[in-house]
Amino acid sequence: MSDIFYRGRFAPSPTGLLHFGSLVTAVGSYLEAKSHHGEWRVRIEDLDPPREMPGATDGILRTLETCGFAWDGVIEYQSRRGALYESALEKLKRDGLIYPCACTRKEIADSAISGIEGFIYPGTCRHGLSARRAAYAWRLRVDDADIVFDDAVQGRQRQNIARDIGDFVLKRADGLYAYQLAVVVDDAEQGITHVARGSDLLDSTPRQIALQRALGYSQPAYAHFPVATNAAGEKLSKQTQAAPLDPAQAGIALWSALHFLGQQAPPELRNARPDELWIWAREHWDLAKVPKRRGIVADGGV
Ligand code: GLU
């Protein structure tokens, strides 16, 4: 037994069924947790109903089971955790760390320059609402300083949020909680010690660290795996028409996910059952072998 407690998680959004790209993240986070004798939690990130696909949650959970994953504890659903997000917002409000913002997308576009994720918020409402409007968002006031962290796969990361993103939204004008807020509150509330996920979220991590600091939470350790892309370099996702995993092909898909993560399972296991593959994988998993890249073209499209 390791003496360091490890609790990881897999946090799919039910916007579509599990595909090869999401399987890679599930496999990597699962094996990291299990190789540390840790727990692996599943959290359904159903925060944004208009983007969700009916039946996706059940489909994802069934595919995980078919692939032989076993999660610890109960499955959490973000849609049922609004009270936790609201009380974190209240705390930030009391501490003067967030402010209401009534800017429209167009107003921001007209007065901002582009950053690493759309327009950098120019701070228009920092010192008071720019306009009297019924609906407004809440933004975190960010410092003009670098946030630095060491990622177990991608190495040292550095980002100045003020320069690259600007004050960012925690609750949208339509009343929905932003991913950044929900993920930080949930990881802390669930006692997650290690976050292992796709590198498409590497640029979000400094925002999550800033928010952890604002809320007085401790910072989990991070590992960001390369994401599976198509030949055009786009992340496999519902938007890029990634094919859902075929449960009848679970063994080959797992074998390919291990291969993608730099773990060379023997070719004779290519047609093995998931339980046989897991025995090999749990024994041989080595994070140091995961390619230190942000994206890799997934060949074969399993
Ligand atoms: N729900 C996010 C996704 O499906 C993952 C969030 C996370 O792992 O922090 O891309």
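The figures here come from the full heavy-atom set of this structure, side chains too, leaving out hydrogens, waters and symmetry mates. Numbering of residues begins at 1 and proceeds along the displayed sequence. Atoms within a ligand are numbered from 1 in the order they appear, just like the ligands themselves.
Every residue meeting the side chain to side chain donor-acceptor pair (under 3.5 Å) condition with Tyr85, not counting sequence neighbours, appears here in chain and number order: Asp186. With sequence neighbours left out, the side chain to side chain donor-acceptor pair (under 3.5 Å) criterion links Tyr177 to Glu86. Here Glu90 pairs with Lys93 under the salt bridge (Lys or Arg N to Asp or Glu O under 4.0 Å) rule; sequence neighbours left out.
Using bins of under 30°, 30° to 60° and over 60° for the plane-to-plane angle, the ring pair Tyr30/Trp278 lands in the perpendicular bin.
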Write none if no such pair exists; otherwise list each N/O atom of ligand 1 with its protein N/O partner under 3.5 Å and the distance.
from	atom 1	to	atom 2	distance (Å)
ligand 1	1 (N)	Ala11	O	2.7
ligand 1	1 (N)	Ser13	OG	2.8
ligand 1	1 (N)	Glu45	OE1	2.6
ligand 1	4 (O)	Ser13	N	3.3
ligand 1	4 (O)	Ser13	OG	3.2
ligand 1	8 (O)	Arg9	NH1	2.8
ligand 1	9 (O)	Arg9	NH2	2.8
ligand 1	9 (O)	Tyr179	OH	2.8
ligand 1	9 (O)	Arg197	NH1	2.8

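No side-chain donor-acceptor contact under 3.5 Å links Gln190 to the backbone of Asp187.
Heavy atoms only, all atoms of each residue included: Phe168 and Gln180 are closest at CE1-CB, 4.1 Å.
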